[in-house]
2 protein chains.
Amino acid sequence: MQIDELIREIINFADLCAAGSDPFPVGLPGVTLVRQRRPTYVYPVVYQPIFCLVLQGEKQTMLGDRLVRFARLQSFVVGLDMPAKAQVVKASPREPYVALAVELDLNLINELATAVSQGALEDERALAVQSGETEAPLVDAMRRMFDLRDRHEAQPVLFPLILKEIHYWLLVSEQGSLLRQLAKKDSHAARISKAIAVIKGCYSAALRVDDLADVAGMSVSGFHASFREITGTSPLQFQKQLRLIEARRLIKWERLRVAEAAYHVGYESPTQFSREYSRVFGVSPRKDRTEVPHDLAEPAA
Amino acid sequence: MQIDELIREIINFADLCAAGSDPFPVGLPGVTLVRQRRPTYVYPVVYQPIFCLVLQGEKQTMLGDRLVRFARLQSFVVGLDMPAKAQVVKASPREPYVALAVELDLNLINELATAVSQGALEDERALAVQSGETEAPLVDAMRRMFDLRDRHEAQPVLFPLILKEIHYWLLVSEQGSLLRQLAKKDSHAARISKAIAVIKGCYSAALRVDDLADVAGMSVSGFHASFREITGTSPLQFQKQLRLIEARRLIKWERLRVAEAAYHVGYESPTQFSREYSRVFGVSPRKDRTEVPHDLAEPAA
DNA sequence: TATTTGCCTGCCAATTTCTCCAGAAAATCT
DNA sequence: AGATTTTCTGGAGAAATTGGCAGGCAAATA
């Protein structure tokens with residue numbers, strides 16, 4: 001079966017590039033391969049719009065109050081920039097967690113959507129992260145895309161085509177509900193997306209929820225409800241996550257002092273910053289700064 | 001008249017067991033006798049499905065915004081787990097408030113309902129607590145049930161029969177509208193009942209009304225409306241009552257510290273907890289903890 | 001006497017609940 | 001079928017709840 005072929009192929013490739021655990025590029029723009037030899041702790045991430053096909057092992061992510069789990073041949077589609085918590089739950093050196101991811105291009109989605117949507121689209125429940133079994137044509141397209149990685153002469157021509165094809169299949173797949181919504185002007189999803197862009201754009205600035213609702217063109221309460229429905233969190237929590245994740249980066253990798261990091265991401269009181277930091281990461285910022293940065297991979301609890 | 005007989009009999013019995021004011025068992029499972037020698041303050045209770053026949057004195061209960069009053073030979077039927085406020089308003093040492101109560105078994109109700117409902121049931125207005133004059137066969141059945149209390153040899157055979165009979169009469173009585181509705185799958189009452197089960201099951205967890213509505217299979221606004229119609233209160237108030245009543249128990253009887261009690265019943269901020277507690281009980285939690293627990297019975301205001 | 005601890009109160013912004021209403025859908029009647 | 005009534009849904013907006021924080025008080029502790 002082609003699928004097993006793809007899996008074997010990719011896993012071999014991953015073994016060769018034993019570069020480590022962080023996602024690493026495969027030679028195609030926007031395409032990355034993720035591999036983990038061990039279950040990990042829960043770690044916070046910021047997703048971008050992405051399509052990720054799990055080939056081996058299992059992973060779960062938490063969006064606010066929601067928990068989704070992905071196993072072999074399942075996949076997830078993220079349609080929005082989203083902070084989340086992820087955890088690889090099944091992985092071993094013999095059988096590591098392996099997944100192939102492609103960044104999505106929302107412009108491309110919009111473009112395709114106009115061509116696709118004849119029938120009036122139903123209002124489906126659209127979540128920021130959709131998951132489920134991967135439809136066969138998608139797996140196949142991913143395989144063909146992956147095969148392009150060292151056909152340098154073919155890439156410039158074929159890669160855009162396959163990318164477009166993947167976007168198409170996603171758009172019409174079951175998991176594509178959010179993408180379809182996003183393409184629809186004035187849908188809730190599209191409005192929330194606009195608001196999220198604002199939050200991301202200035203996450204270190206003081207944020208007034210009223211203004212966001214305004215940007216989205218919704219009532220404050222309606223905005224809250226939709227926001228939660230789609231992202232699984234409230235606007236403020238969303239922003240807080242972004243802030244803290246960035247702060248952590250500043251602290252662990254840029255070695256900023258705690259207070260500096262706090263101010264940098266928009267906190268006015270280092271006290272408050274410290275409290276929230278500890279609550280989210282389980283470690284105080286001071287500690288994170290002191291300790292040597294280490295690999296994500298850890299024996300699972 | 002047989003009724004007077006029953007009353008005299010029970011009152012005598014109650015005098016014998018001068019155990020005090022709390023409801024006390026009469027030797028039949030699920031059957032209790034309530035006696036109060038004095039009017040009481042308003043006190044919060046959590047009803048279970050129950051049928052309660054008032055024999056002497058008067059009592060009133062408040063469900064949210066509704067006030068119902070029960071006097072001699074009136075009775076009330078509670079079909080749902082319901083927090084409420086009760087108050088004995090007419091009682092004296094010479095003529096105490098006396099009532100006989102039987103817990104109801106909703107499974108039994110369902111069972112009987114299928115046997116009973118030939119005619120398509122009308123949609124009647126169904127309230128969580130129904131009250132009114134007690135129909136004669138019911139009083140009679142209650143009398144016969146009460147007489148079983150010391151016929152230990154007859155109990156195993158006759159008690160289930162009488163219980164069933166009582167359920168039957170309730171189901172067809174005027175006060176049985178809620179019971180009839182509950183038995184009907186997909187009725188509003190049945191849906192709300194499901195939601196209430198959820199609330200009760202985890203009243204100390206963060207609860208989202210959207211989800212409750214989901215459980216009930218109704219729109220949020222429809223859910224609100226139905227919930228209020230049946231219970232006389234809103235979902236949040238309902239949950240809050242449960243929380244605070246439990247918290248009060250923890251504070252007065254288990255002697256938990258205020259903050260602990262707050263966390264225990266699901267508040268994340270003792271501040272807020274304290275505020276609400278005072279509002280509902282008229283006394284700050286601190287005070288309730290400090291003061292010696294005392295009897296419910298107090299001279300009425 | 002000074003400090004600490006536990007709690008209450010007021011204030012603020014965020015979040016959620018809840019009412020109300022218009023339009024859609026379903027049921028009922030003609 | 002078509003008309004009418006009833007019921008339901010979804011959304012806006014007002015109102016309430018919530019949690020955080022600062023200030024204060026009073027009892028317990030040092």
Side-chain angles (χ1 to χ4, degrees), chain A residues 64-65 122-123 125 186-188 191 195 199 206-214 216-229 231-240 267-269 271-276 279, chain B residues 64-65 120 122-123 186-188 191 195 199 205-214 216-229 231-241 243-244 247 251 255-263 265-291:
Chain A
D65 53 0
E122 283 314 302
D123 281 352
R125 189 174 160 78
D186 293 347
S187 69
H188 281 188
R191 288 155 183 256
I199 299 178
L207 183 56
R208 192 159 294 294
V209 177
D210 307 23
D211 299 339
L212 287 179
D214 229 40
M218 309 170 84
S219 72
V220 178
S221 55
F223 176 69
H224 267 289
S226 282
F227 196 97
R228 162 152 249 132
E229 159 111 16
T231 68
T233 353
S234 66
L236 191 68
Q237 299 307 315
F238 188 100
Q239 186 210 33
K240 195 191 289 182
Y267 276 84
E268 293 184 13
S269 124
T271 311
Q272 185 65 14
F273 170 72
S274 185
R275 211 194 332 260
E276 315 236 299
R279 180 150 59 190
Chain B
D65 52 359
E122 283 314 303
D123 281 351
D186 292 348
S187 68
H188 281 188
R191 287 154 183 257
I199 300 179
L207 256 193
R208 200 158 297 302
V209 174
D210 306 28
D211 299 336
L212 288 180
D214 228 40
M218 311 170 82
S219 73
V220 178
S221 53
F223 177 69
H224 266 112
S226 280
F227 197 98
R228 163 150 258 135
E229 157 112 16
T231 68
T233 192
S234 69
L236 186 66
Q237 300 307 319
F238 189 100
Q239 187 211 30
K240 194 195 291 184
Q241 298 252 4
R243 284 180 165 189
L244 291 178
I251 286 177
R255 293 301 164 129
L256 284 198
R257 264 176 298 166
V258 174
E260 310 243 313
Y263 293 129
V265 300
Y267 276 84
E268 289 182 23
S269 117
T271 308
Q272 182 63 13
F273 169 74
S274 182
R275 233 192 314 259
E276 302 285 325
Y277 191 102
S278 307
R279 175 150 50 191
V280 170
F281 298 118
V283 196
S284 74
R286 147 78 135 289
K287 223 172 184 181
D288 262 349
R289 208 176 96 90
T290 314
E291 280 171 13

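A, B, ... follow the sequence lines: proteins, then strands. Residue 1 opens every chain. Atoms considered below: every heavy atom in the structure, side chains included; atoms not considered: hydrogens, waters and symmetry mates.
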Applying side-chain contact (heavy atoms from CB on, under 4.5 Å) to A:Glu229 and not counting sequence neighbours gives A:Arg125

Between B:Ser284 and C:dC8, is there a side-chain N or O to OP1/OP2 distance below 4.0 Å? yes

Return the set of residues passing ring-ring contact (aromatic ring centres under 6.0 Å, His included) with A:Phe223 (not counting sequence neighbours), or none when no residue passes. A:Phe227

Classify B:Arg208 by what it touches in the nucleic acid, base, sugar-phosphate, or nothing, heavy-atom distance under 4.0 Å. sugar-phosphate

d(NE2, A:His224; P, D:dA12) in whole Å: 14 Å

Given side chains that start at C-beta, do those of A:Leu236 and A:Val209 come closer than 4.5 Å, heavy atoms only? no

Could you state the atom-to-atom distance from OH of B:Tyr277 to P of C:dC7 in whole Å? 12 Å

Between C:dT15, C:dG10, D:dG19, spot the one nearest the side chain of B:Thr271, thanks. C:dG10

Nearest listed nucleotide, side chain of B:Arg275, among C:dT17, C:dT16, C:dG10: C:dG10

Position toward the 5' end of DNA chain D (nearest nucleotide), B:Gly222 or A:Val220: B:Gly222

When you measure from the side-chain N and O atoms of B:His188 to the phosphate of D:dC8, is any distance below 4.0 Å, counting only OP1 and OP2? yes

In whole angstroms, the gap separating P of D:dT9 from CG of B:Asp214 amounts to 12 Å

Give a yes/no answer on whether the side chain of B:Tyr267 brings an N or O atom under 4.0 Å of OP1 or OP2 in D:dT18. yes

Minimal heavy-atom distance between B:Ser278 and B:Pro285, with the atoms involved, is OG-CD, 4.0 Å

Over all atoms of both residues, closest heavy-atom pair of B:His224 and B:Pro235: CD2-CD, 3.6 Å

By the 4.0 Å heavy-atom rule, please label A:Leu212 as base, sugar-phosphate, or nothing. nothing

Can any side-chain N or O of B:Ser274 pair as donor or acceptor with the backbone N or O of B:Pro270 at less than 3.5 Å? no

Sugar-phosphate, base or nothing in reach of B:Ala225, heavy atoms under 4.0 Å: nothing

Whole-Å distance between C:dC7 P and B:Asp288 CG? 13 Å

Contacts of A:Phe273 that satisfy ring-ring contact (aromatic ring centres under 6.0 Å, His included) - sequence neighbours left out: A:Tyr267, A:Tyr277

Taking all non-hydrogen atoms of both residues into account, name the closest pair between B:Ala205 and B:Arg243 and its distance. O-NH2, 3.1 Å

Residues forming a side chain to side chain donor-acceptor pair (under 3.5 Å) with B:Arg275, sequence neighbours excluded: B:Gln272

side-chain N/O B:Ser274 vs C:dC8 OP1/OP2, d < 4.0 Å: yes

Proximity to the side chain of B:Ser219 - top-ranked nucleotide from C:dT16, D:dG10, D:dT17: D:dG10

Output the rounded distance in Å from CD (A:Glu229) to P (C:dT16). 13 Å

Of A:Pro235 and B:Leu236, the one whose closest nucleotide on DNA chain C sits nearer the 5' end is A:Pro235

Strictly distance-based, threshold 3.5 Å: is any side-chain N or O of B:Arg191 a donor or acceptor partner for the main-chain N or O of B:Asp186? yes

Measure from the side chain of B:Arg279, starting at C-beta and using heavy atoms only, and say which of D:dT17, C:dG10, C:dT17 lies closest. D:dT17

Gap between atoms CG and P, on B:Asp210 and D:dG10 respectively (whole Å): 12 Å

Looking across every strand, which nucleic acid part, if any, lies under 4.0 Å from B:Gln272 by heavy atom: base, sugar-phosphate, or nothing? base

Per B:Pro285 side chain, nearest of listed nucleotides C:dC8, D:dG11, C:dT16: C:dC8

Expressed in angstrom and rounded to an integer, what is the separation of A:Gln237 atom CD from C:dA13 atom P? 17 Å

Backbone N or O of B:Val258 within a donor-acceptor pair of the B:Arg289 side chain at under 3.5 Å? no

Could you please name the option among C:dC18, D:dA12, C:dC8 that lies closest to any side-chain atom of B:Val258? C:dC8

What is the distance from CD of B:Glu276 to P of D:dA16, rounded to the nearest Å? 12 Å

Can you check each nucleotide of nucleotides 24-30 of chain D against protein heavy atoms at under 4.0 Å and return B for base, S for sugar-phosphate only, - for none, in 5' to 3' order? -------

Encode nucleotides 20-27 of chain C as B, S and - characters from 5' to 3', where the letter depends on protein heavy atoms closer than 4.0 Å: B to the base, S only to sugar-phosphate, - to neither. B-------

